[in-house]
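The following block contains the structure, expressed as structure tokens.
The analysis underlying the following values was restricted to heavy atoms, covering all of them including side chains, and did not include hydrogens, waters or symmetry mates. Every chain is numbered from 1, with letters handed out A, B, ... down the list of sequences.
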Amino acid sequence: MSVLTNVRQLGWLDALLYLGGQVLSRLSGGRARIVKYRLVAQPIGRSDAKPLRPDAATELRAVPAGDALAAAFERPPHVVERRYAAGAACTAALVRGEFAGFIWIQRGAYDEDEVRCRYELQDAATCVWDFDVFVTPRFRVGRTLARLWSHVDQGLAREGVRWSFSRISAFNRESLAAHARLGTVDCGTALFVVLGPLQAALLPAFPWLHLSLRRAPRIVLAPPKR
Amino acid sequence: MQAAAELKTILDDVLSLGGRAQAFGPDTPLLGAIPELDSMAVVSLITAIEERFGIAIADDEIDGSVFATFGSLNAFVEQAAR
């Protein structure tokens, strides 16, 4: 992406942060980074989209820990094991038996895996955290993601969940635009500057600024008022 | 020809192109070239095509090549409608 394209798509501040982060990362061999997230909440069980025609070739199902399907996940085994150990739940899509994608749902709190940060859901009964929403390239153009999300959405709604939180890179305009079209509610931004073990975080709520060598800041997310 | 005209109308309606689709030719690029055609819009487009042409499109029939150009999408629809 050119500098001008960055500025046009992200605005001056985020374009500067993005480019600064790229330069820092290159100069430091990846030890220094700038990461900025937009925190969003997606309403659950309130989609006004037309229901999708069922597809006999597509199976949507939960993938519990130890399920053989996990071998098809394009993630390191220790990452998958850590997620299950933390209590995350996985729902996968299979098209004619072929792994096509997954969505992970975490309850209570989610520990960020790119920087040190813990997102805590204030109302665990009505809020969850969704992460690593992934569809294999073969099925990326089509209805697999919509089916997968719709399936997860309906399941969560039956359990009384009203909101699913997630974070999106503030430098990914396409993803931000796609989430906005899905009716997500903006819950603020978090900016992280990482210099080796030192991390400075600008948070959307108290304590606002967090400096640390080891500890992770907490961001408490309350259900949006609507 | 009839299918192509109907397909242009569907593209205009679903993507809110304001009549721009009427000028599409076989080589007009779609995916990646039309900002309105994102992953969510693809879902709406497939559903609209199914309803308008009375066809059922399986998930594994669709990939990026189908939406590469207006010509490739039109060929796919004509084939599916036969």
Task: Under 4.5 Å from a heavy atom of chain B, the part of Arg96(A) involved - done: side chain

Open item on the list: So for Ala56(B), is it side chain, backbone, both, or neither that comes closer than 4.5 Å to the heavy atoms of chain A?
Closed with: both

TODO: Identify the two heavy atoms, one from Asp55(A) and one from Ile57(B), that lie closest to each other, and give their separation to 0.1 Å.
DONE: OD1-O, 4.5 Å

TODO: Could you check if a side-chain atom of Ile62(B) sits within less than 4.5 angstrom of a side-chain atom of Phe139(A), using non-hydrogen atoms only?
DONE: no

Open item on the list: Please report the interatomic distance CG(Asp60(B)) to OG1(Thr58(A)), rounded to the nearest 0.5 Å.
Closed with: 7.5 Å

Open item on the list: Is it the case that over 12 heavy atoms from other parts of the model lie below 6.0 angstrom from the CZ atom of Arg140(A)?
Closed with: yes

Task: Which portion of Asp63(B) sits near chain A, non-hydrogen atoms under 4.5 angstrom - done: both

Open item on the list: Less than 4.5 Å apart, side chain to side chain, heavy atoms only: is that true for Val43(B) and Leu52(A)?
Closed with: yes

TODO: With rounding to the nearest 0.5 Å, note down the distance linking OG in Ser39(B) to CZ in Arg143(A).
DONE: 14.0 Å

Task: CZ-CG distance between Arg147(A) and Asp59(B), expressed to the nearest 0.5 angstrom - done: 4.0 Å

- [ ] Name the region of Arg138(A), side chain, backbone, both or neither, that has any atom closer than 4.5 Å to a heavy atom of chain B.
- [x] both

Open item on the list: Heavy-atom cut-off 4.5 Å, strictly under: side chain, backbone, both or neither for Leu31(B) against chain A?
Closed with: side chain

